[in-house]
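Protein chains get the first letters and strands the later ones, always in sequence-line order, with residue 1 at the start of each.
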Protein chains: 2
Amino acid sequence: MPANDRSRRITIDDVARSAGVSRQTVSRAVNDKPEIDPATRQRVLLVAQSMGYRPSRFARGMVGPGLTTLGLVIADVLNPFFPEVVSGVLAAADERGWQVAVYSTGSALERETAVAETVVNHVDACIAFLLDPGAIELIRRSGMPFVLLDNEHRPPAVSGGRIDFAGGMRQVVGHLVERGHRRIVMLDDRGRPDAGDRGTRHSLFLGAAAELGLPADESWVFPAANSLDGGAAAMDDVLDTGFGATAVLGYNDLIAIGAMRRARDRGVRVPEDCAFVGCDGLTLSRLVDPPLTTLTVDKELLGRAAVRQVAAQMTGAGTGETVIEPRLVVRASS
Amino acid sequence: MPANDRSRRITIDDVARSAGVSRQTVSRAVNDKPEIDPATRQRVLLVAQSMGYRPSRFARGMVGPGLTTLGLVIADVLNPFFPEVVSGVLAAADERGWQVAVYSTGSALERETAVAETVVNHVDACIAFLLDPGAIELIRRSGMPFVLLDNEHRPPAVSGGRIDFAGGMRQVVGHLVERGHRRIVMLDDRGRPDAGDRGTRHSLFLGAAAELGLPADESWVFPAANSLDGGAAAMDDVLDTGFGATAVLGYNDLIAIGAMRRARDRGVRVPEDCAFVGCDGLTLSRLVDPPLTTLTVDKELLGRAAVRQVAAQMTGAGTGETVIEPRLVVRASS
DNA sequence: AACGTTCCCGTGAGCGCTCACGGAGCACTG
DNA sequence: CAGTGCTCCGTGAGCGCTCACGGGAACGTT
């Protein structure tokens, strides 16, 4: 028994010929169809196995309806925000008998177009965290069911899942003001484009602060790379510039935690000298010291809702929007 | 323009007819082939778009080589062990131009067979964390390239990725003995079958302890559910039975952290009264309080190595084994 | 004027599989 | 012995697409 000839794959006809039966009989054996003699099935199966026969999923997909593959584009699995979304998507897709292909852009804007091109050619529907308008347009134009998540600049023609950070930021700032804070810094994710636009956490934070009578302006916002280290570095900036913040709001928990750790390392007492608040509500935020106050988002629900919207589009429904309401969970860091 | 007829999908011939050209011309337009008049291409593309035409990836796969889809079966994305593996697999698969379909068993042994069946029919190769021998056999028999990870009972006929916990456990116990500990408890994952066999962390821990002269036996091992809460509950058992442990080793970081938190909540000082050590080296373990000593495993490397093995099998190479060496990172918890 | 070239487009064939049908062989009935 | 039913198996057709080839029109060349 030589190794497989790598030039051409083994087909059902090869097996049929080798077993001295017809294609159809091989098909019956492989697919557990009833109209076949048990002895024949056994023999055919043995031949198939020994030849290393594996049915082509493409040929199968041609005749039957084939399996629906849902593409899920995320920035980075290592960012603890995404596993929860993935979990929701996997569960909801599984309920519908779909397969999920995961793509990661590695948080690199320039990779988004390449990923979008792959997605367009190889999946039946798509749920994506994307920022590059070109990449988004590419998928939109393909005409496949498409849900875009967590993008404040979503074109009106595509469905989306949005988190109501307007309400969320009011909760956060309200809480801090109530605790007596008057000088609040936000560590923004500098990786996101057009950060000054309406609808971003950035602008919603400033808006909420203004609403509550704080003299907030752009100087209250510090850019940070989206990681623990990014948060730490941004905290250095805040402390070094002598801004005098009594509270720090992170674009997300990762940034907030990184900042909080750096602050403590530099002798800042939390929350006495400075309070810290995050966004997203990662499991992680409960476990750090001190436990982090955070604007919790049900990320699993976000994933499930996205699948539901994709499914709706498949049955011909139009585009829509799902809004998730965040909830402020107050812990020891504020 | 009415909504799509959901009964039958639009084919290339539909577009051809509607645009008054041949199939081939449509194909040329859609695939950006050169042998076509730019004006015709534009017109055809417009028709195709308006009809909602999307090429069938199955039909495409029939003729060309098609895209390789790698199946990745994990227990649960929410378990922070897996995202790092997924990250490695995604990166390595991407380098080879493969797509990755992720499946989750939800840590439910009884779901493994169903997942295995899906995998067998819908992917070209498979990397899996599986425990059920039936599910494993199912994939093995399919003849597809297959790498089984983190399973001490792997059949010899399948490739695998293994973490050298024998050496790891010697490091852990050695470290604890050096610190003066003589009575060490292990919180084992009770979800894994045949926990008493050779090769499990459980037995390797007892072996290492015996090697170093400790009177270890089965009573030193407490079962725990694989989660933070599971670790906490197991810690309750340890404390309530009055075992008098001065050090606790978790099956993984999750269990160890859960246990450590519960211990502190009950007034145990860490590490003065009791030291804690985890396994896996999650990012998380650095951030908890106190930072957790842990046997760190390069999970991303594990994923990459698995992809490399799968690729090797595709080119006809036989089965093999990759061994990853863990490294003890000592922090404040011990 | 006859020929080659280039550009654009269409026609068969075939990828590997399953579905719908038909037919051979056997047993059992009236 | 014809008729009926059942079990098992094989034959065409077709899924939607691309590749290889060929052909017509318009141009330029000798």
Side-chain angles (χ1 to χ4, degrees), chain A residues 4-5 7-45 47-48 51-69 120-124 142-144, chain B residues 4-5 7-45 47-48 51-69 120-124 142-144:
Chain A
N4 285 350
D5 184 356
S7 62
R8 202 181 59 86
R9 75 176 291 149
I10 314 271
T11 75
I12 198 172
D13 288 293
D14 296 329
V15 178
R17 209 168 316 123
S18 178
V21 294
S22 72
R23 284 186 314 234
Q24 187 58 20
T25 300
V26 177
S27 173
R28 281 191 265 254
V30 170
N31 297 6
D32 258 321
K33 293 287 173 63
E35 314 97 336
I36 184 174
D37 187 291
T40 315
R41 156 178 299 139
Q42 208 54 37
R43 190 166 51 84
V44 170
L45 247 34
V47 173
M51 295 178 73
Y53 168 66
R54 306 211 328 101
S56 151
R57 69 166 191 279
F58 294 114
R60 276 186 166 163
M62 284 245 56
V63 45
L67 181 67
T68 299
T69 299
V120 161
N121 285 320
H122 298 292
V123 304
D124 305 305
S142 80
M144 76 170 84
Chain B
N4 286 350
D5 183 355
S7 61
R8 203 181 60 84
R9 75 175 293 150
I10 315 270
T11 74
I12 197 172
D13 288 292
D14 296 330
V15 178
R17 210 168 315 127
S18 178
V21 294
S22 72
R23 285 187 311 237
Q24 187 59 19
T25 301
V26 177
S27 174
R28 281 190 265 254
V30 170
N31 296 5
D32 258 321
K33 292 287 173 66
E35 314 97 335
I36 183 175
D37 188 291
T40 314
R41 155 177 298 138
Q42 209 54 37
R43 190 166 51 84
V44 169
L45 247 32
V47 173
M51 295 178 72
Y53 168 66
R54 306 213 326 102
S56 152
R57 70 167 191 280
F58 294 113
R60 276 185 167 164
M62 283 246 56
V63 46
L67 181 66
T68 299
T69 299
V120 162
N121 286 319
H122 299 293
V123 304
D124 304 304
S142 80
M144 78 171 83

Query raised in the report: Any idea which heavy atoms bring A/R54 and B/S142 closest together, and the distance?
Result: CD-O, 3.0 Å

Report summary line: Closest of D/dC17, C/dT11, C/dG16 to the B/R60 side chain is D/dC17

Query raised in the report: Could one point to a donor on the side chain of B/R23 or the base of C/dG12 with an acceptor on the other under 3.5 Å away?
Result: yes

Report task. Figure out the CD1/C1' separation between B/I10 and D/dC17, and round it to whole Å. Result -> 16 Å

Query raised in the report: Which one, C/dC17, D/dG16, D/dA20, comes nearest to the side chain of B/Q24?
Result: D/dA20

Requested in this report: Provide the closest heavy-atom pair for A/P55 versus A/V30 in the form atom of the first, atom of the second, distance.
Outcome: CG-CG1, 4.1 Å

Requested in this report: Return the value, rounded to whole Å, for the distance between atom CZ of B/R57 and atom C1' of D/dC15.
Outcome: 15 Å

Report summary line: Checking D/dC15, D/dT18, D/dC17 against the side chain of B/T11 (C-beta onward), the nearest is D/dC17

Query raised in the report: Any side-chain heavy-atom pair from B/T69 and B/H122 closer than 4.5 angstrom?
Result: no

Requested in this report: Mind calculating the distance between CE (A/M62) and P (D/dC17) to the nearest angstrom?
Outcome: 7 Å

Query raised in the report: Looking at side-chain heavy atoms only, is the closest gap between A/V21 and A/R28 below 4.5 Å?
Result: no

Query raised in the report: Is any side-chain N or O of A/S27 closer than 4.0 Å to OP1 or OP2 of C/dC17?
Result: no

Report task. May I ask you to decide if B/A39's main-chain N or O and B/D37's side chain share a donor-acceptor pair within less than 3.5 Å? Result -> yes

Query raised in the report: Among A/V26, A/T25, A/L45, whose side-chain contact (heavy atoms from CB on, under 4.5 Å) with A/T40 holds?
Result: A/T25

Requested in this report: Taking the side chain as every heavy atom from C-beta outward, state whether B/D124 and A/R57 have any atom pair closer than 4.5 Å.
Outcome: yes

Report task. Measure the distance from CZ on B/F58 to C1' on D/dG14 and round it to the nearest whole Å. Result -> 17 Å

Query - Interatomic distance, A/D32 atom CG to A/R41 atom CZ [nearest 0.5 angstrom] - result: 5.0 Å

Query - Overall bend - the helix from C/dA1-D/dT30 to C/dG30-D/dC1, comparing terminal axes fitted on five pairs, nearest 10 degrees - result: 60°

Report task. Check whether any side-chain N or O of B/K33 sits under 4.0 Å from OP1 or OP2 of D/dT18, and answer yes or no. Result -> no

Query - nucleotides 4-9 of chain C: protein proximity per nucleotide (B base, S sugar-phosphate only, - neither; heavy atom, under 4.0 Å) - result: ----SB

Query raised in the report: Could you give the CZ-to-C1' distance, from B/R9 to D/dG16, as a whole number of Å?
Result: 8 Å

Query raised in the report: Taking atom CG of A/D13 and atom OG of A/S22, what is their separation to the nearest 0.5 Å?
Result: 9.5 Å

Query raised in the report: Between atom CZ in B/R17 and atom P in D/dG16, what is the gap in whole Å?
Result: 11 Å

